[in-house]
Amino acid sequence: MSSCCTPDGSCGTAATTVTAVVDSTATAYRVSGMSCGHCRTAITASVGALEGVLSVDVDVDGGLVTVTTAGAPDDAAIGAAIDDAGYELTGRA
């Protein structure tokens, strides 16, 4: 009968879990022209497609878009993505 235990008493079949840690930055932007769920979807898709963007949270009623990026945000690229979606970035909140 064979054992899965190693000589030091640990289990030789245990799975190893690797967790990646990413430095992230959340930046809030004021955006005009948003009025509905379609606005939320359009901005989320456009900004979310940018390299380095980890998440996008759109507050239509508050006129805010919070973008979480790996490292420092690229304000110009985020502004262009919001513009491409049909809205206007008016500045950081």
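Counting from 1, the numbers follow the sequence of the chain as shown. This is a predicted model, so every value here is computed, not measured.
- Applying the side-chain contact (heavy atoms from CB on, under 4.5 Å) rule to Ala77 yields the partners Leu50, Asp74; only residues at least two apart in sequence or on another chain are considered.
- Legend: side chain to side chain donor-acceptor pair (under 3.5 Å) pairs involving residues 83-93, not counting sequence neighbours, sorted by first then second residue: Asp75-Arg92.
- Taking all atoms of both residues into account, the shortest heavy-atom contact from Ala85 to Ser46 is CB-CB, 3.9 Å.
- One distance of note links CD1 of Ile82 with OH of Tyr29; it measures 7.5 Å at 0.5 Å rounding.
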Side chains of residues 51-67: which donor-acceptor partners sit under 3.5 Å, not counting sequence neighbours?
from, atom 1, to, atom 2, distance (Å)
Ser55, OG, Thr68, OG1, 3.3
Asp59, OD1, Asp61, N, 3.4
Asp59, OD1, Gly62, N, 3.0

